[in-house]
Each structure stands twice: as C-alpha cells, then as structure tokens.
**Q** 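I'd like to ask some things about the structure below.
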Protein chains: 2
Amino acid sequence: MTEKTFTESIEMYLKTLAEAGLGEPIAIGKIAEKLNITPVSANEMVQRLSRQGLVRHTPYKGVELTKKGRGVAVDVIRRQRLWECFLLEHLNLEWSQVYDFACSLEHATAPIVTEALAKFLGFPKTCPHGNPIPDENGNFEILDGIPLPAIEVGKNVIVQSIKHPPGDVLAYLQERNIMPGQQLQIAEVAPMEGPLTLEINGREVALGLNIAEFVNVTLCEE
Amino acid sequence: MTEKTFTESIEMYLKTLAEAGLGEPIAIGKIAEKLNITPVSANEMVQRLSRQGLVRHTPYKGVELTKKGRGVAVDVIRRQRLWECFLLEHLNLEWSQVYDFACSLEHATAPIVTEALAKFLGFPKTCPHGNPIPDENGNFEILDGIPLPAIEVGKNVIVQSIKHPPGDVLAYLQERNIMPGQQLQIAEVAPMEGPLTLEINGREVALGLNIAEFVNVTLCEE
DNA sequence: TAAAATGTTATGGCTGCCCTTATTATTCCA
DNA sequence: TGGAATAATAAGGGCAGCCATAACATTTTA
Ligand SMILES: [Mn+2]
Ligand SMILES: [Mn+2]
Ligand SMILES: [Mn+2]
Ligand SMILES: [Mn+2]
C-alpha cells in the first residue's frame, strides 16, 4: 500500500478517459482535443501510460482504462467533486467556475485531506453539477438521467446532471438556469438538427443540440 | 494586471527566501539545504529567478528578494496560512500536519479562491503556528516575540509563534504541547549549549537549543 | 474501391528543473 | 597569511511533457 502518486498530467489523462468513456475505447484524437494537445503528443503519453499499466491501447482502435487506471481516475474525480461542493457551498463561488478551480486543487490533495473534506461536507452524493461522487472505495451509483435531446416535445423534465462541457458552456447554462433541480419543458424541436426551445420558469430559451447533449434529465412524475 | 502565474518550484524558492530572510541576504547553501537540492542546482535556479527580476544575487554574498519577488512570496504565504487555518479548524487535521498539506494546496489556489477562503475563515490574522497572515495587499504585522533561548531562567512566558522548522519537529513540539498560547517557564538552562528544561503545565520538558530557536515567546504580564 | 480522415512512428527540438564531477574563485578564520 | 569552507562556473546528462514535420498505416466514407 505505497499509495503511489502520479503527476498532474497523468491524473488529467486518466480523469479525461474516465469522464469520456463508460466502457467503449476512446480515440486518441478525442483525448488530444479534450486536453488541448496534439495527437502526436497524446499518442506518446498514452504509450507511457500503457507501460505503467494504467491504460490499454489497441492501435487504431482506441484507449481504455485498466482497473488500476480507473482506480486512480475515480480517486481524482472524487477529489474534484468534493472540492466543487466546498467551493460552491462554503466559499460561495460561481456554479460555473467551481469545476475549473477544483481541477487545480484535485492534484494537490492528500488522501487524509480528501477524507477529512468528505466528512466536513457530510459525505455528499453528488457534485454541484449533479454527477456522482465516488466513495472512499471508488464506488458510485450510475445516474439514470437521459440526454435532453432524447426527450419528446411537451414533456416536463427535471435537470439531473450536467456532464462536463468544454469552454464557457457552464456559464452559458448558468445564465439560463439550466442547472440540476431545475424543472423545464421541451416546447419545440427545430428540424434539421436545429436547436431545442425550452420553457423554463415561464420563459422560452433556445438551446443548441450540441449543448443539450450535455444535459441529463429525468421525466417528471404525475 | 496580467497576474502572471509562476511554477510551483519558483513559488517554493521565493517562499523559502521570504521565510528565511527578513532583510539580510541568504546564502545559496542555505537555500539548497532548505529545498533539499544541490547547491549547484540552487545556483542555476537563482540565476533564472534573477533574470526574471524576482531576486537579486550578489555573487559570494547571497540572494535577496526584489520587490516583485517579495510580492509573489507574500502571496504564496497568504495562501498557505489560510489553508492551514482551514485544515486545522474545519477539517480537524493535526496541528503538526497542516503546514505540509497547505504547502501543496498553496500552488493550486487562484486569487478568487484565496479571497473567498479568507472571507469564509473570517480574515484570520495568524496561522495555527502563530505566524501572521498577510492581507490582500500583502501587508502584515511583524511579531514582537522573542526566541525562547533568549529568555532568562525562571521567567513565565507564553508561546507566540513557531517558525517553520524542518522535518518532524512540529510533531515533536505538538506532543509536548509547545504551541501558540501555551504558557511555560524556563526551569533550567544546561551549560555548553545544552538543552533547556521547561515547565509546562506542571510537567518538566527538555528541549534542545536548536529546536528552541524556532519557538518565539512573549513575557507574561504580572 | 479509391480518396479522405485518422492514427502511428520517426526524427529532432524545446523548456524546466534536477543531477554529478571537476575546476576555479572568494571568503572566512585560526 | 594560508588552509578550510563556501560559492561559482563549466560540461555533460536525465526525465517529463510538450512541439513540429514528414512518412507511412489503417480505417472510414462516399
Ligand atoms: Mn485537474
Ligand atoms: Mn461537477
Ligand atoms: Mn508548497
Ligand atoms: Mn503556519
């Protein structure tokens, strides 16, 4: 139980893989894009990770986490989501900003600190974006939410979670109140992969399909 | 106001200089020792810092922070000491451990987070070891405590602060209750640079001179 | 099935930050 | 004042993690 520790770069690769892929292998190009590096560099790094037994790489097919790699990734995710809770609930920082701030802190947090933080927060089950927080053993429940574009027009739904989107999308969603717990209705779906029109608190809000993909919802009862 | 950001290594060099020297230049060897690197490497790095205008290096004399370098150092110290408060008071971690944990977090903390943390903590004036926390503008009061070895036998004193010592010294002091606020008396001073014998809560405690140098105290009234 | 897209490998380069060994310069102290 | 201690410089190296460019392999797609 030496509790080996990994570099920030390695942790980010593993977290990125875990966030992106729930089973199926991830293409090198996708990884490069998400981490904002060149595909050649991503390829190099994946080889290093492979040598360390953290990922499995099938050339031309993609990259998958090994059990060991997933363990590290889940641990990083736990740290990040706990910090997100702290930053939002106790430091009152912006919902749209806590992901990025926590993404720095996650690499500077020892196990003892992580567990003390979890206790302080009361062992929260989800982060402010509705994503599950793994427990100390790496276990977490998989959400039953459905991507917003899969919902029929007219249905009432409640936002369950927001997958981590690139760039300024979180700020965009926050401005429009598209956050976990928010109830809304799909008013209209434009043809030809067009935007959704939502009704939120009596206001109409247009949302592009690409962004809507990041929003998971559950159908309202009744 | 681009708020340039520095590497962890640079921040540690600057913080080390600020913690060690209150005016007089610091020898390269001292820096190397504190950062656990070779003097040759320290020399190299000091040259890089010099080129960046963060320190002034007079060959064979020593290294001093520039105004710019001191600004960065004070900012790092602020972040660290705020985190120390949080870790001790809210996460209930060990007094002897919070310095090291905070030393990781300090490099991963954006200005917005720092200020929100300061507010959350109620703008504490000192860290758990009694050292002052600079304010947002980098200002702080210099303590009036005296190193323990400078006190006469028989005097009652109160521990004001503990300078950051190397290695396991903090744990050693915690076990013996030598922490800020603790009242104690110098019972005896052994000759030949020998240890001090202290009376703490009715118990006698021996403390080596080297360690006692890290303990700053104030004389008791009355 | 051929062209386009994507992935892989090779080569060479870069920065940051650390190392060792050896030589030379300066300062301190007895 | 001369030797010991400390500091500086030079030369060569290593590792992590990125970059670009070019050649080649595979897969996708139209
Ligand atoms: Mn991160
Ligand atoms: Mn989140
Ligand atoms: Mn540090
Ligand atoms: Mn402290």
Side-chain angles (χ1 to χ4, degrees), chain A residues 4-17 20-21 24-65 68-69 72-73 76 103-104 106-108 166 193, chain B residues 4-17 20-21 24-65 68-69 72-73 76 103-104 106-108 166 193:
Chain A
K4 209 185 293 182
T5 178
F6 299 94
T7 64
E8 171 163 348
S9 184
I10 289 178
E11 288 191 344
M12 287 305 288
Y13 272 87
L14 299 178
K15 191 183 81 171
T16 300
L17 286 167
E24 69 284 14
I26 314 300
I28 293 268
K30 271 268 154 57
I31 303 172
E33 194 187 335
K34 298 217 189 206
L35 291 173
N36 245 295
I37 55 177
T38 64
V40 176
S41 297
N43 198 295
E44 277 176 3
M45 187 63 169
V46 162
Q47 290 181 26
R48 277 194 289 272
L49 297 176
S50 192
R51 263 180 257 122
Q52 294 180 55
L54 295 166
V55 305
R56 234 182 329 271
H57 180 208
T58 315
Y60 298 102
K61 295 303 180 186
V63 185
E64 268 179 314
L65 290 168
K68 182 178 166 194
V72 176
V76 177
C103 186
S104 296
E106 67 191 356
H107 312 290
E193 310 278 289
Chain B
K4 209 186 289 180
T5 179
F6 298 94
T7 64
E8 172 161 349
S9 184
I10 289 177
E11 288 191 344
M12 288 306 287
Y13 271 86
L14 299 178
K15 192 183 79 171
T16 300
L17 286 168
E24 69 283 13
I26 314 301
I28 292 268
K30 271 265 153 58
I31 303 171
E33 194 188 334
K34 299 216 187 205
L35 291 173
N36 245 296
I37 55 178
T38 64
V40 178
S41 298
N43 198 295
E44 277 178 2
M45 188 61 171
V46 162
Q47 289 181 27
R48 277 195 288 272
L49 297 176
S50 193
R51 262 181 256 122
Q52 295 180 56
L54 295 166
V55 305
R56 233 182 330 273
H57 180 207
T58 316
Y60 298 105
K61 294 303 179 184
V63 185
E64 267 180 313
L65 290 168
K68 182 178 166 193
V72 176
V76 177
C103 185
S104 296
E106 66 190 357
H107 312 290
E193 311 278 288

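So you know, we letter chains A, B, ... as the sequences are listed, proteins then strands, and number each from 1.
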**Q** Nucleotides 11-15 of chain D: which of its N/O atoms have a protein N/O under 3.5 Å away?
**A**
none

**Q** Establish, with yes or no, whether the OP1 or OP2 oxygen of C/dC18 is under 4.0 angstrom from a side-chain nitrogen or oxygen of B/Ser9.
**A** yes
**Q** Between P on D/dC19 and CG on A/Leu35, what's the gap in Å once rounded to a whole number?
**A** 10 Å
**Q** Just how far, in rounded Å, is P of D/dC18 from CD1 of A/Ile31?
**A** 13 Å
**Q** Starting from the C-alpha separation in whole Å, work towards a yes-or-no answer on side chain to side chain contact (heavy atoms under 4.5 Å, CB included) for B/Leu54 and B/Phe6.
**A** CA-CA 11 Å; B/Leu54 295 166; B/Phe6 298 94; 3.9 Å; yes
**Q** If you only use heavy atoms from C-beta on, which nucleotide in D/dT9, C/dG16, D/dA16 is closest to the side chain of B/Asn43?
**A** D/dT9
**Q** Atom CD of B/Glu33 to atom C1' of D/dT6: distance rounded to whole Å?
**A** 13 Å
**Q** May I have the distance from A/Leu54 (atom CG) to D/dA16 (atom P), rounded to whole angstrom?
**A** 13 Å
**Q** Which of the following nucleotides, D/dA16, D/dA8, C/dG7, is nearest to the side chain of A/Thr7?
**A** D/dA16
**Q** Counting side-chain heavy atoms from C-beta on, which of C/dG7, D/dC19, C/dT20 comes nearest to A/Ala27?
**A** C/dG7
**Q** Within the distance-only criterion (no hydrogens, no angle test), does the side chain of A/Lys68 pair as donor or acceptor with the backbone N or O of A/Gln52 below 3.5 angstrom?
**A** yes
**Q** Identify the two heavy atoms, one from A/Val46 and one from A/Val55, that lie closest to each other, and give their separation to 0.1 Å.
**A** O-CG2, 3.8 Å
**Q** Please check if atom CD in B/Glu193 has more than 12 non-hydrogen atoms from other residues, nucleotides or ligands closer than 6.0 Å.
**A** no
**Q** What is the nucleic acid contact for A/Phe6, judged by heavy atoms within less than 4.0 Å: base, sugar-phosphate only, or nothing?
**A** nothing
**Q** Taking B/Tyr13 as the fixed residue, which of B/Ile31, B/Val63, B/Leu65, B/Thr7 is the one that meets the side chain to side chain contact (heavy atoms under 4.5 Å, CB included) rule?
**A** B/Ile31
**Q** Please give, in whole Å, the distance from D/dG17 C1' to A/Arg51 CZ?
**A** 13 Å
**Q** A side-chain contact here means heavy atoms from C-beta on lying under 4.5 Å apart; do A/Ile28 and A/His57 qualify?
**A** yes
**Q** Nucleotide by nucleotide, 5' to 3', does protein get under 4.0 Å of the base (B), only the sugar-phosphate (S), or neither (-) in nucleotides 23-30 of chain D, counting heavy atoms?
**A** --BSS---
**Q** Under 4.5 Å between any side-chain heavy atoms of A/Glu33 and A/Pro166, yes or no?
**A** no
**Q** To the nearest Å, how far apart are B/Ile10 CD1 and C/dC17 P?
**A** 5 Å
**Q** Nearest-Å distance, NE2 (B/His57) to C1' (C/dT26)?
**A** 12 Å
**Q** Do the side-chain N or O atoms of B/Thr38 get closer than 4.0 angstrom to the phosphate oxygens (OP1, OP2) of C/dC18?
**A** no
**Q** Using whole Å, what does the distance between atom C1' of nucleotide C/dG16 and atom CG of B/Leu49 come to?
**A** 12 Å
**Q** Decide yes or no for B/His107 and A/His107: does some side-chain heavy atom of the first lie under 4.5 Å from some side-chain heavy atom of the second?
**A** no
**Q** Can you name the closest pair of heavy atoms from A/Ala32 and A/Ala42 and give their distance?
**A** CB-CB, 3.9 Å
**Q** Need one value for A/Gln47: base, sugar-phosphate or nothing, where a base atom within 4.0 Å counts as base even if backbone is also close, heavy atoms only.
**A** sugar-phosphate
**Q** Measure the CZ-NZ distance between B/Arg56 and B/Lys61 for me, rounded to the nearest 0.5 Å.
**A** 16.0 Å
**Q** Reading DNA chain D from 5' onward, which residue's closest nucleotide shows up sooner: A/Ser41 or B/Ile28?
**A** B/Ile28
